[in-house]
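First comes the structure, then the notes that go with it.
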Amino acid sequence: MTQVIQSLAEWQELRRTLSKDLGFVPTMGNLHPGHLSLLQRARQENAVTLLSIFVNPTQFNNANDYVHYPRTLEADITLAREAKVDYVLAPASQALYPDDYAYQVSEIEFSEQLEGTCRPGHFTGMLTIVLKLLLLARAQRLYLGEKDFQQAALIRGLTQAFFINTEVVICPTLRNEFGLPYSSRNARLTPEQYEQARLFPALFHADLSCEEIKKQLVEKGFAVDYVEEYDGRRFAAVKLGDVRLIDNIVVVPIGVQTS
Ligand code: AMP
């Protein structure tokens, strides 16, 4: 039976009674197969699973993106029930920011790269909410998607920096039929943009230089924030209209490729 909880006090009270391993999947809702794969993994590896649904205002550097972010709580709860999640925590914004965001957690190295160059304040908002959620959940394991690799790496660093006793498990990116990572923002693409989005994975995975990929994406009508290799991975962020798509893959060095 899935229990939906909105009050943080109620969750904290309940958490005290849980003695078995807890697997935690934090999301902003509008659940898709990528989220469901994290929930499935959490269920496999823990006696109890917690899903949080919270559209975190402080990590949106673009007010329009925050306003239009898809909010589908009822449908998400149905999916959570089908996935046999034990607890869904869906608190109100004010509850998570009793300090009005006066207290913030920042990282000053990796967060300045890639997404950090395009989204000022994003990682500080993200790390701040994740710290709050980690302290509320007190989970044995936290499940994150490789799709947001920089986010996952920063969260792992956060747990190490603050001695948080939660293991960070990074799970593979789930992709749709043409290789585009599932994302809540995909729902905002028009049918024409969705067709055009096919070209993004096709080019991103091609055996071409970042410069060449960028050039071809621009030619095909994408606004490109970056296509860059960093520490053995290729990362990209592009926009179709005001919908932003990101992806990353491990880059296999030439000569190491197997058949
Ligand atoms: P979000 O709701 O977009 O904040 O994502 C919540 C979690 O789901 C994050 O850890 C994401 O990295 C993960 N996630 C989002 N999309 C995917 C995907 N396509 N495959 C795997 N994990 C994903």
Side-chain angles (χ1 to χ4, degrees), residues 23-45 49-62 65-66 68-73 75-77 79-80 83 85 88-91 93 96 110-111 114-115 119 122-134 137 139 141-159 166-189 194 197 200-201 204-205 233 235-238 243-250:
F24 175 35
V25 179
T27 75
M28 296 205 296
N30 192 236
L31 300 186
H32 54 63
H35 296 123
L36 297 178
S37 71
L38 305 189
L39 290 168
Q40 193 183 18
R41 177 92 178 260
R43 249 175 65 78
Q44 279 163 7
E45 297 179 358
T49 46
L50 168 68
L51 161 71
S52 69
I53 298 179
F54 178 65
V55 184
N56 175 35
T58 65
Q59 72 188 67
F60 285 81
N61 52 302
N62 177 330
D65 190 23
Y66 176 63
H68 291 110
Y69 199 86
R71 290 159 172 88
T72 53
L73 187 59
D76 291 346
I77 292 171
L79 287 172
V85 169
V88 177
L89 183 64
S93 178
L96 277 161
F110 191 32
S111 70
L114 303 164
E115 285 291 279
R119 304 188 62 189
H122 165 67
F123 283 127
T124 295
M126 182 281 289
L127 287 170
T128 304
I129 195 68
V130 170
L131 179 61
K132 289 169 188 263
L133 291 171
L134 281 170
R141 291 173 203 87
L142 174 72
Y143 294 84
L144 302 172
E146 188 179 352
K147 191 206 105 192
D148 300 282
F149 181 84
Q150 195 178 6
Q151 165 174 290
L154 288 166
I155 293 172
R156 182 173 274 162
L158 176 83
T159 61
T166 298
E167 180 192 344
V168 174
V169 182
I170 303 182
C171 306
T173 304
L174 250 77
R175 299 168 183 280
N176 74 3
E177 71 283 2
F178 57 82
L180 184 70
Y182 287 106
S183 163
S184 303
R185 289 185 176 87
N186 295 356
R188 295 189 48 226
L189 293 167
Y194 192 75
F200 178 43
F204 182 63
H205 292 267
R233 261 175 204 270
F235 294 83
V238 299
V243 181
R244 201 157 175 278
L245 308 172
I246 64 169
D247 202 352
N248 73 89
I249 46 167
V250 172

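Since this is a predicted model, take the numbers as computed values, not measurements. Atoms within a ligand are numbered from 1 in the order they appear, just like the ligands themselves.
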Cation-pi, Tyr194 ring and Arg185 (6.0 angstrom, 45 degrees): no

Side chain proximity check, Leu174 to His32, heavy atoms < 4.5 angstrom: no

For atom 18 (C) of ligand 1, the option (of Gly34, Ala152, Gly29, Cys171) bearing the nearest heavy atom: Gly34

Mode of Val25 contact toward ligand 1 - side chain, backbone, both, neither (heavy atoms, under 4.0 Å): neither

Atom indices of ligand 1 within 4.0 angstrom of Thr173 heavy atoms, with elements: 20 (N), 21 (C)

Approximate separation, where rounding is to 0.5 Å, of Ile53 CD1 and Leu89 CG: 9.5 Å

Proximal ligand 1 atoms for Leu144, defined as those under 4.0 Å from one of its heavy atoms: 10 (O)

Identity and separation of the nearest protein heavy atom to atom 10 (O) of ligand 1: Gly145 N, 3.0 Å

Interatomic distance, Leu73 atom CG to Asn30 atom CG [nearest 0.5 angstrom]: 11.0 Å

Minimum side-chain heavy-atom gap Ser183-Lys147 below 4.5 Å: yes

Contact atoms of ligand 1, heavy-atom distance to Met28 under 4.0 Å: 1 (P), 2 (O), 4 (O)

Region of His32 engaging ligand 1 - heavy atom pairs below 4.0 Å: side chain

Per-atom contacts of ligand 1 with Pro172, taking only distances under 4.0 Å to non-hydrogen atoms: 20 (N), 21 (C)

Atoms in ligand 1 flagged as close to Pro26, the criterion being non-hydrogen separation under 4.0 Å: 6 (C), 7 (C)

From Phe54 atom CZ to Leu96 atom CG, the distance as rounded to the nearest 0.5 Å: 4.5 Å

Protein residue, atom and distance nearest to atom 11 (C) of ligand 1, heavy-atom basis: Asp148 OD2, 3.1 Å

Proximal ligand 1 atoms for Leu174, defined as those under 4.0 Å from one of its heavy atoms: 18 (C), 19 (N), 20 (N), 21 (C)

Between CE on residue Met126 and CZ on residue Phe60, distance to nearest 0.5 Å: 13.0 Å

Approximate separation, where rounding is to 0.5 Å, of Leu154 CG and Leu127 CG: 5.5 Å

Protein residue, atom and distance nearest to atom 1 (P) of ligand 1, heavy-atom basis: His35 NE2, 3.6 Å

Ser184, portion touching ligand 1 at heavy-atom distance under 4.0 Å: neither

Point-to-point distance, once rounded to the nearest 0.5 Å, from CD of Glu146 to CZ of Arg233: 4.5 Å

Ligand-side contact atoms (ligand 1) for residue partner Tyr182, heavy atom cut-off under 4.0 Å: 16 (N), 17 (C), 18 (C), 19 (N)

